[in-house]
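Just below is one structure, and these are the notes that go with it.
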Amino acid sequence: MAGAAGRVVRRWYPSVLRSSLQVPALQLHMSKTAMRASQKDFESALSQVKRLKDPGNEVKLKLYALYKQATEGPCNTPKPGVFDLINKAKWDAWNALGSLPKETARQNYVDLVSGLSSSSDSSSQVKPEADRKQPGYETLVVTSEDSITKIMMNRPAKKNAITIQCLRVHKYQPSSSFSPTHSDVPSEMYNEIMLALKAASKDDSAITVLTGNGDYYSSGNDLSNFTDIPPEGIEEKAKSSAILLRDFVDCFIDFPKPLIAVVNGPAVGISVTILGLFDTVYASSRATFHTPFSHLGQSPEGCSSYTFPKIMGPAKAAEMLIFGKKLTAAEACAQGLVTEVFPDSTFQKEVWTRLKAYSKLPPNAMRISKQVIRNREKEKLRAINAEESRALQERWLSDECTNAVMNFLTRKAKL
Ligand code: COA
C-alpha cells in the first residue's frame with residue numbers, strides 16, 4: 001500500500017510543479033491596479049518553488065491547490081474516479097479551498113513559499129559535494145543530502161585502511177559516556193567513524209551510508225597500528241586497542257537508524273566483519289570479502305563470530321573466519337552477507353537511485369522497525385563484542401600476530 005502511494009506521488013509531483021511553474025504571467029487574470037505587487041510576488045514565488053528542497057507530499061498538494069485557485073478560481077471540474085488516485089488527490093486539495101478569492105489564494109501561495117524558503121537552510125539547496133562536506137574530519141568525507149548521511153572512508157592511497165591512535169583513546173573508555181567533540185579527539189579513522197555515526201544518529205537524515213573512496217571499500221585495520229608502541233608498553237597498547245575496538249563495534253550495534261554499506265570494492269578484515277551489523281549491504285560486482293584472521297595470528301571481531309554463522313550457517317562461516325576464504329560479491333550474496341550485487345559499471349548510479357527512494361520513506365517508521373529487529377539481540381551482541389575484543393587483546397600480544405604483521409610491513413623491502 002505504502003509502496004503504491006509512493007509511486008503515485010513520484011509520478012505526479014513533477015507534473016504538478018511543471019504545470020504550476022510554466023504558466024505565463026499573462027494567464028494569471030489579475031486586476032492590474034490592485035494586484036500588480038502581488039502578481040510580481042506570485043511570479044517570484046513560482047520561480048522560487050523550483051529551487052526548494054522537496055517539501056513533502058502534503059505541502060506539494062497545498063501548493064498545487066493554491067496555484068489552481070489563484071489562477072483559475074474555485075474548482076469546477078468533474079471529480080475524478082476513485083481509482084484515479086493522482087487526480088483525485090489534486091482535485092480534493094483544490095476543491096477544499098471552496099470559494100477562496102483568487103487574490104487570497106495568490107497571497108497564501110506567496111506566504112507558503114516564503115515560509116518554506118526561510119525554513120529550508122542553505123543545506124537544502126543542491127551544492128557541490130565540496131560545499132556539502134561536513135568539516136572536522138581528516139580521514140573521512142561526511143555529507144548529508146536527500147535525507148541521507150554518507151560517511152565515506154577517505155584514504156584511497158592506503159586502500160582505506162582504518163587507523164587508530166591508542167594513547168589518547170584511554171579517555172573514552174566507558175562506551176556509554178563517549179561524547180567527544182571534534183576538537184578533543186585524535187583525527188584517526190576509528191575515532192572519526194565513531195564521531196560520524198554519533199552525529200548521524202542525531203541528525204535529521206533518514207538513513208546512513210558507509211562507503212569507501214577509490215578502488216577499495218577498506219583493507220581493514222591499518223597494520224602499521226601495531227608498530228606504534230607507546231612508552232606505557234605493548235600490553236597497555238593492546239588493552240586500549242581492545243577498548244577502542246569494543247566501543248567502535250558498539251556504535252554499530254546501537255546505531256538507531258537504517259545503516260547501509262555501499263561496498264564499492266574489495267573489503268578486508270573488520271570492514272567485512274561489521275557487515276553483519278548493517279541493515280543492508282549493496283556490493284559492486286568487483287567487491288570481494290576477505291577475513292584473513294588466522295593468517296595474521298588474530299581472531300574474528302565485529303560480532304562476526306555470532307552474525308556470520310547465523311547469516312550463512314556455521315560451515316560457511318568457519319571457512320571464512322577460521323580459514324580466511326575470500327568470497328566474491330556473488331558468493332557473499334548467495335550466502336546472505338550481501339543484499340544485492342550491482343554491475344561495477346552502473347554500481348553508483350543504481351545504488352544511489354535506490355537509496356534516494358528509500359530515504360523518502362517515513363523516517364520514524366524505519367527507525368522503529370530497525371529497533372524492533374535489533375533490540376531483541378542488543379545485549380547479546382554487546383556481550384559477544386566484549387568477548388571478541390578480550391580474545392583479540394591477547395592475540396595482539398602473540399608471536400603469531402607480531403610475525404604476520406612484520407611480514408606484511410616488510411614485504412616490499414623483501415621484493
Ligand atoms: N594496513 C596498512 N597499510 C595498508 C593496508 C593495511 N591494512 N592496506 C593497504 N595498505 C597500504 C600498503 O602498505 C601500500 O602502502 P604504500 O603505497 O605506502 O606501500 C598501499 O596501502 C597500497 O597497498 P598495496 O599493498 O600496494 O596494494 P595492493 O593492491 O597490492 O594490495 C591489499 C592491496 C589490501 C590486498 C594489501 O595491501 C593487503 O593485503 N593489505 C593488508 C590487508 C590486511 O591484512 N588487513 C588487516 C585485516 S585484519
Side-chain angles (χ1 to χ4, degrees), residues 138-140 152-166 187-193 210-229 237-238 241-242 244-246 248-249 252 261 263-277 283-284 286-305 307-308 317-329 332 337 344 385 388-415:
E138 287 181 21
T139 62
L140 308 175
M152 184 166 69
M153 296 174 276
N154 189 33
R155 295 182 75 218
K158 297 286 182 184
K159 312 292 183 194
N160 298 320
I162 306 176
T163 49
I164 61 174
Q165 195 183 67
C166 272
S187 59
E188 301 295 329
M189 203 191 277
Y190 267 103
N191 281 301
E192 290 200 339
I193 291 174
L210 184 65
T211 191
N213 188 16
D215 60 342
Y216 261 66
Y217 176 66
S218 168
S219 61
N221 256 319
D222 189 309
L223 294 175
S224 58
N225 293 335
F226 292 92
T227 59
D228 178 20
I229 308 301
K237 169 138 181 176
S241 298
L244 174 70
L245 173 66
R246 193 198 63 199
F248 179 77
V249 174
F252 288 86
V263 185
N264 53 297
V268 187
I270 192 165
S271 72
V272 177
T273 55
I274 51 168
L275 292 177
L277 298 171
S284 149
R286 215 172 43 78
T288 52
F289 299 83
H290 193 200
T291 48
F293 298 121
S294 298
H295 300 71
L296 292 165
Q298 299 186 32
S299 52
E301 79 293 83
C303 294
S304 58
S305 61
T307 57
F308 279 28
E319 206 178 15
M320 273 192 91
L321 297 176
I322 300 177
F323 302 121
K325 183 180 182 205
K326 190 197 283 188
L327 300 189
T328 63
L337 183 62
D344 189 56
N385 179 26
E388 289 176 345
S389 301
R390 270 195 302 274
L392 266 169
Q393 182 177 333
E394 285 180 23
R395 286 281 84 215
W396 288 328
L397 297 171
S398 70
D399 287 345
E400 286 179 346
C401 178
T402 309
N403 292 339
V405 169
M406 290 321 290
N407 276 341
F408 172 76
L409 295 174
T410 56
R411 77 202 196 290
K412 281 192 179 156
K414 282 193 235 153
L415 289 175

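Just so it is clear, the structure is predicted and the values come from calculations on it, not from any experiment. Whatever order the structure lists ligands and atoms in, that order sets their numbers, starting from 1.
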Exam field: side chain Glu188 to backbone Thr163, donor-acceptor pair closer than 3.5 Å:
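Flag not set: sc Glu188 to bb Thr163 has no pair under 3.5 Å.
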
For Asn221 and Tyr190, does a side-chain donor sit closer than 3.5 Å to a side-chain acceptor?
yes

Please tell me if the side chains of [X] and [Y] come closer than 4.5 Å, counting only heavy atoms from C-beta onward.
| X | Y | value |
| --- | --- | --- |
| Asp215 | Arg286 | yes |
| Tyr217 | Asn160 | no |
| Met153 | Leu210 | yes |

Side chain to side chain contact (heavy atoms under 4.5 Å, CB included) for Val272 and Met320? Distances and angles first, verdict last.
CA-CA 10 Å; Val272 177; Met320 273 192 91; 4.1 Å; yes

Check: Val268 N/O within less than 3.5 Å of ligand 1 N/O:
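N/O-N/O distance under 3.5 Å: no.
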
Give yes if a backbone or side-chain nitrogen or oxygen of Ser224 is under 3.5 Å from a nitrogen or oxygen of ligand 1, and no if not.
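Looking only at distances, the answer is no, because the N/O contact criterion of under 3.5 Å is not met.
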
Any heavy atom of Ala161 under 4.0 Å from ligand 1? The part involved is side chain

Report the part of Leu296 in contact with ligand 1, treating N, CA, C, O as backbone and CB onward as side chain, heavy atoms under 4.0 Å; options are side chain, backbone, both, neither.
side chain

Any atoms of ligand 1 less than 4.0 Å from a non-hydrogen atom of [X]? List them with their elements.
| X | value |
| --- | --- |
| Tyr216 | 32 (C), 33 (C), 34 (C), 35 (C) |
| Asn221 | 1 (N), 6 (C), 7 (N), 45 (N), 46 (C) |
| Ala157 | 20 (C), 21 (O), 22 (C) |

Evaluating non-hydrogen atoms only, which member of Ser271, Ser219, Ser218, Gly220 is closest to atom 43 (C) of ligand 1?
Ser219

